[in-house]
Amino acid sequence: MAKKTVKDLDLKDKKVLVRVDFNVPLKDGVITDDTRIKAALPTINYVLENGGKAILFSHLGRVKTEEDKAGKSLAPVAKRLGELLGKEVTFVPETRGEELEAAIANLKDGEVVVVENTRFEDVDGNKESKNDPELGKYWASLGDVFVNDAFGTAHRAHASNVGIASTGIPTVAGFLMEKEIKFIGDAIAEPKRPMVAILGGAKVSDKIGVIKNLIPVADKILIGGGMTYTFYTAKGMTVGDSLVELDKVELAKELLAEAGDKIVLAVDIVTTPEFSNDVPTTVMSGNIPDGIMGLDIGPKTVELFSGILADAKTVIWNGPMGVFELSNFANGTIGVCEAIANLTDATTIIGGGDSAAAAEQLGFADKFSHISTGGGASLELLEGKTLPGLAAINDK
Ligand code: ADP
Ligand code: MG
């Protein structure tokens, strides 16, 4: 998957359109987590240091009506970016028009413009999200080259990524995009073996495609978290009140048949009568009775999974092993984090919003080779799908 990157461009005196992912959480106009802004800095700094003028585009949240615009402006993001860059950043409260064009015309080398939330264009006919060709063409006309660094939206064909790129403007990947495709792409295309995939979390339906694609690739697939019970049901076990997706049971049966002993399920479960941290828990193996639910993998499973992980050379993990937000059900996720932290010679990747948050909160973030920032995009890459945003970047 050799794509051109920002290093393949001559940026001097160029108007460089950069699609970044500034989709940060905001509460009452205050940014509660600026990780995504920080993650875009290497590409922005590279453009500025090499004499380019940076024109930044991003979406923020979902905007379908005029009312949705409230609290979705990129103004606070532009301000925070200015602080992080240590330089003036011009914010244009428009997605098109004279003010934007004038701000770009006035840019000098090394200066930055942030364009208003691209999804403000969705209020009138979903122009951004439906990839209106006129909009992509207009935005492309504002610059000389295009850098796509928004991995998190690479699985969508929107005007601000695919639309701009498909006008034929030179299109390259930014450093964040490059890192994501390198880590995830290499891990599934040419994994160092043994390759172990770990899947958990709450929604089987979101991740079943990943399991299907990984069966021929991985040496072992460990299943924990809320996924466990759909697979238990497929094996004819009872799961009590645990999370189960009945319409995926047949598929789980097929996957079990196809994967043979590659799929490893939890052998014990931390159960509770209530979704709460305040009632005593019981570790159980086998059938789970009515009135009881499983919220974490048990200690024997942590031992089993840790043993399998001990000689792994590639680990891909998506979905927590239990309800890690409650301390009674965090030990499974902590145990698997510890097993991964002990690996010295492995490429280890964790992806998914809650999974990344778990690694962060539990204090293991620095133990992974790569924490993927794009939930949906990383899942689709793991499913073996072509990401339109990625496909639209020029090949090397
Ligand atoms: P990600 O965001 O990493 O893709 P998901 O959104 O699929 O992960 O799942 C994360 C959520 O799954 C967490 O909030 C966690 O509490 C929940 N979860 C994990 N195990 C269970 C379980 N056994 N029952 C119910 N929820 C679970
Ligand atoms: Mg999630």
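Counting starts at 1 for both ligands and their atoms, in listed order.
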Looking at atom 16 (O) of ligand 1, what's its closest protein heavy atom, distance included? Glu325 OE1, 2.7 Å

Check contact between Gly375 and ligand 1, using heavy atoms of the residue and a distance below 4.0 angstrom. no

Among all protein non-hydrogen atoms, which one is nearest to atom 3 (O) of ligand 1, and what is the separation to 0.1 Å? Ser355 OG, 2.4 Å

Under 4.0 Å between a Lys/Arg side-chain N and an Asp/Glu carboxylate O for Asp219 and Arg193? yes

Report the nearest protein non-hydrogen atom to atom 8 (O) of ligand 1: residue, atom name, distance rounded to 0.1 Å. Lys207 NZ, 3.3 Å

Is a salt bridge present between Glu250 and Lys253, judged by a nitrogen-to-oxygen distance below 4.0 Å? yes

for atom 9 (O) of ligand 1, nearest protein heavy atom and its distance come out as Ala202 N, 3.0 Å

Looking at Asp354, pick out the N, O or S atom nearest to the Mg ion (ligand 2) and give its name. OD2

What's the shortest distance from atom 6 (O) of ligand 1 to any protein heavy atom, and which residue and atom give it? Asp354 OD2, 2.9 Å

For ligand 1, does Phe329 get within less than 4.0 Å through its side chain, its backbone, both, or neither, judged by non-hydrogen atoms? neither

Please determine whether a side-chain nitrogen of the Lys or Arg among Arg19 and Asp149 lies less than 4.0 Å from a carboxylate oxygen of the Asp or Glu. no

Check ion pair Asp395-Lys3 (N to O, under 4.0 angstrom): yes

Looking at Lys212 and Glu258, is there a salt bridge between them, counting it only when a charged N and a carboxylate O are closer than 4.0 Å? yes

Contact region, Met293 to ligand 1, non-hydrogen atoms below 4.0 Å, reads neither

Contacting atoms of ligand 1, where contact means under 4.0 angstrom from a heavy atom of Gly226: 20 (N), 21 (C), 22 (C), 23 (N)

For atom 26 (N) of ligand 1, grab the closest protein heavy atom and report residue, atom and distance to one decimal in Å. Val323 CG2, 3.6 Å

So, are Glu178 and Lys7 salt-bridged, with charged N and O less than 4.0 Å apart? no

Taking Asp68 first and then Arg62, would you say they form a salt bridge - that is, a charged N and a carboxylate O separated by under 4.0 Å? no

Can you tell me how far apart OG1 (Thr95) and CG (Leu74) are? Round to the nearest 0.5 Å. 11.0 Å

For ligand 1, indicate whether the residue Asn318 contacts it via side chain, backbone, both or neither (heavy-atom separation under 4.0 Å). side chain

What are the atoms of ligand 1, with element, lying closer than 4.0 Å to any heavy atom of Tyr229? 23 (N)

Among all protein heavy atoms, pick out the one at the shortest distance from atom 24 (N) of ligand 1; state its residue, atom name and that distance to 0.1 Å. Leu295 CD2, 3.7 Å

Any chance you could measure His158, atom NE2, to Asp132, atom CG, to the nearest 0.5 Å? 12.5 Å

A student comparing Gly352, Ser205, Gly294 should find that the heavy atom closest to atom 23 (N) of ligand 1 comes from Gly294

Distance in Å, Asp13 CG paired with Lys53 NZ, rounded so as to fall on 0.5 Å steps: 6.5 Å

